[in-house]
Amino acid sequence: MHKLTRTAATAAAGVAMALALTGAGAVVTVATASAAAASETGAQGWEVSGSFDTQQECVTAGDAGLADGSWAQYRCVLFEARWDLMTPA
């Protein structure tokens, strides 16, 4: 249940607060959200595929997934001082 709440929090906030696009059309997102807000809004269709210390590490992993065909898009979302790599479920 914690993973679902965390996924919902990061994805919902990320969609609302998208800041920049990187090469290959991937969205890099900076967001923070509370668990309560996540449970109210929900964020279906996204999952946490990794967690990183820096935004650059997250973007590098996201770009690698694009290059090898693991996903068609991704989001890097700041959540509790970590960068979560969000990918379509």
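Numbers here are sequence positions counted from 1. Side chains are part of it too, since the values below use all heavy atoms of this structure and drop only hydrogens, waters and symmetry mates. Keep in mind it's a predicted model, so treat the numbers as computed, not measured.
Of the inter-residue distances, the one linking Thr87 atom OG1 with Gln73 atom CD reads 9.5 Å to the nearest 0.5 angstrom. In this structure, SG on Cys58 lies 12.0 Å from CZ on Arg75, to the nearest 0.5 angstrom.
In this structure, the side chain of Trp83 does not engage the main chain of Gln56 through any donor-acceptor pair within 3.5 Å.
The side-chain heavy atoms of Tyr74 and Asp63, taken from C-beta on, include a pair separated by under 4.5 Å.
For the side chain to side chain contact (heavy atoms under 4.5 Å, CB included) with Ser51, the qualifying choice from Leu85, Asp84, Val77 is Asp84, the only one to do so.
The minimum heavy-atom distance between Pro88 and Trp71, with the atom names listed, is CD-CB, 4.2 Å. For the pair Phe52 and Ala61, the tightest heavy-atom approach, listed with the atom from each and the gap, is CZ-CB, 3.4 Å. Taking all atoms of both residues into account, the shortest heavy-atom contact from Asp68 to Ser70 is OD1-OG, 2.6 Å.
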